[in-house]
There are 2 protein chains.
Amino acid sequence: MQRTEQLCDKFRSLGLKVTPQRRHIFQVLEGNGSHPSADEVYDRVKVSMPDISLATVYNTLRELVNLGEIRSLDLGEGRSRYDPHTDGHHHLSCVRCRGVVDVACGTHALELAPEQQHGHRILGADVTFYGVCPTCLEQESVNQTAPSLRMWGVPASD
Amino acid sequence: MQRTEQLCDKFRSLGLKVTPQRRHIFQVLEGNGSHPSADEVYDRVKVSMPDISLATVYNTLRELVNLGEIRSLDLGEGRSRYDPHTDGHHHLSCVRCRGVVDVACGTHALELAPEQQHGHRILGADVTFYGVCPTCLEQESVNQTAPSLRMWGVPASD
DNA sequence: ATGTATGCAAAGCGTTTGCATCATG
DNA sequence: CATGATGCAAACGCTTTGCATACAT
């Protein structure tokens, strides 16, 4: 995602309007590595703009996704998360606390052998690693929680 | 997923009951490679059991997922799809028609370099390839649709 | 001044749940 | 016969939309 000011220019050049609400949303997203949900963006914006509507947040996020400025992530949580980091990278999600960190693509070229493409034109791939983050691992050992084996689908206890 | 009869035995041995509804659902899923949504399973079961409730389908699918008999897939469509094929494999989804085919894991061991694990205990990974299937490619060339470039996020025209 | 964005509330969609009834084991 | 499953409808969480008002350009 571009910097807020450049984004504003882009919006204007497309005939879209730059409202205070949108500027606030841009600023919350800029450099945000927490992969926030729409609701979390809403909460963050409300701090400095208490009267903003959740619908406005949703509409603006959709606009940004359509413009290719942010990515919408579906990590099987029943809601979308948003990532201003749009270059190719993958995600590592903790099945207990739902925290998400970026992982570089590295050399995992992640190509599909021609015989496995089934005639498709391949556009890209999404990779999500599932695991347990250091913090949750600690709590697990303390709480003697069931071993995180059959999980990842339905996370462990609390 | 096991065969229907073996699944019935498993259910009974766990104190779960084998009802006609469940048996029908098992049979629709058995060997089903279409990655159906709950609604699609519902439609298929209704053919031979018109009075079944959608809630029953949902409840049974959830049970099967919890037992590890089927996988729940989240392909960013806003609804879950179900796969009776539970051994490690990935998916290739057509961004236009939403069709999904399995792709073998192959040698794509898909491991995360230790320095990229950020201290997590890795449990697994989901890989989804996005592309355009042969059928849609054909239609695209006929309809002179916009090149499928900026898509995969919001699919092309109709 | 024009057209787009906003806030609000309602609707939409997929999914879950509460409850009375039914049927499996 | 006891427990768990069913169907129905209501509730749920996330997201979109309709509409009248407000504001950026």
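These numbers come from the heavy atoms of this one structure, side chains and all, not from hydrogens, waters or symmetry mates. We name chains A, B, ... by the order of the sequence lines, and we start the count at 1 in each one.
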Seminar exercise, completed: In whole angstroms, the gap separating P of C:dT6 from OH of A:Tyr58 amounts to 16 Å
For this session: Indicate whether the side chain of B:Thr4 and that of B:Glu30 have a donor and an acceptor atom separated by less than 3.5 Å.
Result: yes
Exercise. Do A:Val103 and A:Leu73 share a hydrophobic cluster (ILVMFWY, side-chain heavy atoms under 4.5 Å, transitive)?
Worked result: no
For this session: Whole angstrom is fine here: how far is it from CZ in A:Arg62 over to C1' in C:dT6?
Result: 14 Å
Seminar exercise, completed: Here the pair of heavy atoms bringing B:Leu29 nearest to B:Pro36 is CD2-CG, 4.4 Å
Exercise. Looking at residues at least two apart in the chain, or sitting in another chain, which of them share a side-chain hydrogen bond (donor to acceptor under 3.5 Å, both in side chains) with A:Glu63?
Worked result: none
Exercise. In residues 45-55 of chain A, which residues come under 4.0 Å of DNA chain C by heavy atom?
Worked result: A:Asp51, A:Ile52, A:Ser53, A:Ala55
For this session: Check the distance between C:dA23's C1' and B:Arg12's CZ and give it to me in whole angstrom.
Result: 14 Å
Exercise. Between residues 20-28 of chain A and DNA chain D, which residues have a heavy-atom gap below 4.0 Å?
Worked result: A:Pro20
Exercise. Can you tell me how far C1' of C:dT24 sits from NZ of B:Lys10, to the nearest Å?
Worked result: 20 Å
Problem set entry | Partner set under salt bridge (charged side-chain N to carboxylate O under 4.0 Å, His left out) for B:Lys10, not counting sequence neighbours | B:Glu69
Seminar exercise, completed: ring-ring contact (aromatic ring centres under 6.0 Å, His included) filter on A:Tyr82, not counting sequence neighbours, yields none
Exercise. What pairs with A:His89 under side-chain contact (heavy atoms from CB on, under 4.5 Å), at least two apart in sequence or on another chain?
Worked result: A:Arg71, A:Asp83, A:His85, A:Asp87, A:His91, A:Asp102
Problem set entry | Residues forming a ring-ring contact (aromatic ring centres under 6.0 Å, His included) with B:Phe11, sequence neighbours excluded | B:Phe26
Problem set entry | Residues forming a salt bridge (charged side-chain N to carboxylate O under 4.0 Å, His left out) with A:Arg23, sequence neighbours excluded | A:Glu5
Exercise. Can you tell me how far SG of A:Cys133 sits from NE2 of B:His118, rounded to the nearest 0.5 angstrom?
Worked result: 12.0 Å
Exercise. Using a cut-off of 4.0 Å on non-hydrogen atoms, how would the nucleic acid contact of A:Ser80 be classed: base, sugar-phosphate, or nothing?
Worked result: sugar-phosphate
Exercise. Would you say C:dA23 has OP1 or OP2 under 4.0 Å from some side-chain N or O of B:Thr19?
Worked result: no
Exercise. Hey, which of these two, B:Tyr82 or A:Thr56, hits DNA chain C nearer its 5' end, going by closest nucleotide?
Worked result: A:Thr56
For this session: For residues A:Thr60 and A:Val41, determine if any side-chain heavy atom of one lies less than 4.5 Å from a side-chain heavy atom of the other.
Result: no
Problem set entry | Rounded distance (Å) that lies between atom C1' of C:dG14 and atom CZ of A:Arg79 | 17 Å
Exercise. Mind checking which nucleotides bracket the chain A contacts on DNA chain D, 5' to 3', with an atom under 4.0 Å from a heavy atom?
Worked result: D:dC14 to D:dT25
Exercise. Taking CZ from B:Arg81 and P from C:dG14, how many angstroms apart are they, rounded to a whole number?
Worked result: 12 Å
Problem set entry | B:Ser37-B:Asp39 side chain donor-acceptor pair, cut-off 3.5 Å | no
For this session: Have a look at the helix from C:dA1-D:dT25 to C:dG25-D:dC1 and give the angle its two end axes make, five pairs each, rounded to 10 degrees.
Result: 40°
Output side-chain donor-acceptor pairs under 3.5 Å for residues 42-57 of chain A, partner residues at least two apart or in another chain, one line each.
| residue | atom | partner | partner atom | Å |
| --- | --- | --- | --- | --- |
| A:Ser48 | OG | A:His24 | ND1 | 3.0 |
| A:Ser48 | OG | A:Val45 | O | 3.4 |
| A:Ser53 | OG | A:Ala55 | N | 3.0 |

For this session: Just jot down the salt bridge (charged side-chain N to carboxylate O under 4.0 Å, His left out) partners of B:Arg81, sequence neighbours excluded, or say none.
Result: B:Glu77
